[in-house]
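Scroll down for the structure; my scribbles are underneath it.
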Amino acid sequence: SENFVGHQVLRITAADAAQVQKVAELQDLEHLKLDFWRGPTQPGSPIDVRVPFASVQAVKIFLEAHGLSYEVMIKDVQELLDEEQEQMLAFRS
Amino acid sequence: RASSTDTFNYATYHTLEEIYDFMDKLVAEHPQLVSKLQIGSTYEGLPIHVLKFSTGGSQRPAIWIDTGIHSREWITQASGVWFAKKITEDYGQDPTVTSILDNLDIFLEIVTNPDGFAFTHSQNRLWRKTRSATSSPLCVGVDANRNWDAGFGKAGASSSPCSDTYHGKSANSEVEVQAIVNFVKNHGNIKAFISIHSYSQLLLYPYGYTSQPAPDQTELHQVAKSAVTALASLYGTEYQYGSIIDTIYQASGSSIDWAYNQGIKYAFTFELRDTGRYGFLLPASQIIPTAQETWLGLLTIMEHTQTHPY
């Protein structure tokens, strides 16, 4: 199974059209293997992106360098998935 | 396994097998009201099932509801299961549901992307697409909600097979999409088409591929407003509403744009609940509240469809 240990979901806030465009540029960086849960649309709308562990540092540096504010929405995706699995298994047992 | 749909646990997520087993039980318990149709098979050979809720008649006007076209949106399949049970519970008890079913049929496709859904349980919880082969040897699957023949391939979908919004090689290339297209066209009397997604709390109507307003935009906007008001009445969950392109972003090849262009006026898509903390990983404790509130929005649309024949 795919492992999501260390993957984080960041909620980014783009204040204006230029910042939205910056996030769109981030979206084009395929090597970062980002998974946009809510893509960049308009200023003020939250942008949620799952960032693999290997890309977390690079993405945060990019965001900070361009003045984009963000918060960590999910600290470790795998932790949530483990909880989900445990709950399903508990139900079955 | 639950011994009946009464003992089925609606407050946890379930596998494809469990959901298909639930569907069989519901049909067995309500043979006069519910039947199961197989409308096709997936790329990997799984059956694609639709529940039909009908009190009789032939080719009655009908409402189509699908959940789970994006496989990782587990809250949608879980809500679909809850809706199915709710319909059987409320028919004959709730005047609105009874009246709707005395006049219209309801078709409910709980797992619209069975291959993808099974894959989320076995290999990759966050898989979104179908599991069909593409032109890329490295990348699998097509975004089934970019594969419909409505502005297919325009902006708002990706031509890269590795993208999560890859539109596929041609419109209806995905058998899961083609199966619905065939079914809806053959039926010929579908009056409302509702696709259910998650997350971000939106109720959307056409269009997504063009900024041109839908000819029925005024009415659709009013229906959407009533639906989100009804939805919010239960737990205060706030939804935004509007056309896809105005409310979120340009998206081509989507199901409701296709449905609307087929003449199905009441075409809507829901983006279900998220508290802003879990995204696609909504805790199972929120399944029932989400389904309950969504049901109120659905009822509003279904009732409007019934009382505004066209």
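Sequence lines set the chain letters: A, B, ... in the order given, protein chains first and strands last, and positions in each chain run from 1.
Ion pair Asp35(A)/Arg72(B) flagged as a salt bridge, since at least one NZ, NE, NH1 or NH2 atom sits closer than 4.0 Å to an Asp/Glu carboxylate oxygen. Here Glu271(B) does not pair with Arg38(A) in a salt bridge; the nearest charged N to carboxylate O distance is not below 4.0 Å.
Around OH of Tyr20(B), the count of heavy atoms belonging to other residues, nucleotides or ligands within 6.0 Å exceeds 12. Within 6.0 Å of the NZ atom in Lys60(A), the count of heavy atoms belonging to other residues, nucleotides or ligands exceeds 12. Within 6.0 Å of the CD atom in Glu30(A), the count of heavy atoms belonging to other residues, nucleotides or ligands does not exceed 12. Within 6.0 Å of atom NZ in Lys85(B), more than 12 heavy atoms from other residues, nucleotides or ligands are found, so the atom counts as buried in its surroundings. Surrounding CD of Gln212(B) are at most 12 heavy atoms belonging to other residues, nucleotides or ligands under 6.0 Å away. Applying the 6.0 Å contact sphere to CD of Gln217(B) captures more than 12 heavy atoms from other residues, nucleotides or ligands.
Residues Ser122(B) and Ser1(A) come closest through the heavy atom pair O-OG, 2.9 Å.
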For the pair Asp274(B) and Met73(A), evaluate side-chain contact (heavy atoms from CB on, under 4.5 Å) and give the outcome as yes or no after the intermediate values.
CA-CA 12 Å; Asp274(B) 170 44; Met73(A) 180 168 137; 4.3 Å; yes
Apply side-chain contact (heavy atoms from CB on, under 4.5 Å) to residues Met88(A) and His14(B) and explain how you reach the verdict.
CA-CA 7 Å; Met88(A) 287 176 72; His14(B) 293 273; 5.8 Å; no
For Asp164(B) and Phe36(A), what are the C-alpha separation, side-chain angles and deciding distance, and is it a side-chain contact (heavy atoms from CB on, under 4.5 Å)?
CA-CA 9 Å; Asp164(B) 257 350; Phe36(A) 278 81; over 6 Å; no
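For a residue to count as touching a neighbouring chain, one of its non-hydrogen atoms must lie under 4.5 Å from one of that chain's; by this rule Phe4(A) touches chain B with the side chain only. Of the atoms belonging to Ala2(B), not a single heavy atom falls under 4.5 Å from chain A. Contacts of Glu18(B) with chain A are made by side-chain atoms alone, with heavy-atom separations under 4.5 Å and no backbone atom involved. Heavy atoms closer than 4.5 Å to chain A are found nowhere in Ser163(B), neither backbone nor side chain. Contacts of Asn124(B) with chain A are made by both backbone and side-chain atoms, with heavy-atom separations under 4.5 Å. Proximity to chain B is limited to the side chain of Gln42(A), based on heavy atoms less than 4.5 angstrom apart. Both the backbone and the side chain of Thr12(B) come within less than 4.5 Å of a heavy atom of chain A. Contacts of Trp127(B) with chain A are absent, with no heavy-atom separation under 4.5 Å from either backbone or side chain. Neither the backbone nor the side chain of Ser158(B) comes within contact range of chain A, judged by heavy atoms closer than 4.5 Å. Heavy atoms of His121(B) lying under 4.5 Å from chain A belong exclusively to its side chain.
Distance CG/Leu281(B) to CD/Glu79(A): 12.0 Å, rounded to 0.5 Å. The line from OG of Ser198(B) to CH2 of Trp37(A) is 9.5 Å long, rounded to the nearest 0.5 Å. Taking CD from Glu2(A) and OG1 from Thr120(B), the interatomic distance works out to 12.5 Å, rounded to the nearest 0.5 Å. Interatomic distance, Tyr278(B) OH to Ile74(A) CD1, rounded to the nearest 0.5 Å: 8.5 Å. A distance of 14.5 Å separates CG of Asn3(A) from CZ of Arg125(B), quoted to the nearest 0.5 Å.
No donor-acceptor pair closer than 3.5 Å links the side chain of Ser45(A) to the backbone N or O of Ile248(B).
No other option in Ala284(B), Pro283(B), Gly276(B) has as many heavy-atom pairs under 4.5 Å with chain A as Gly276(B).
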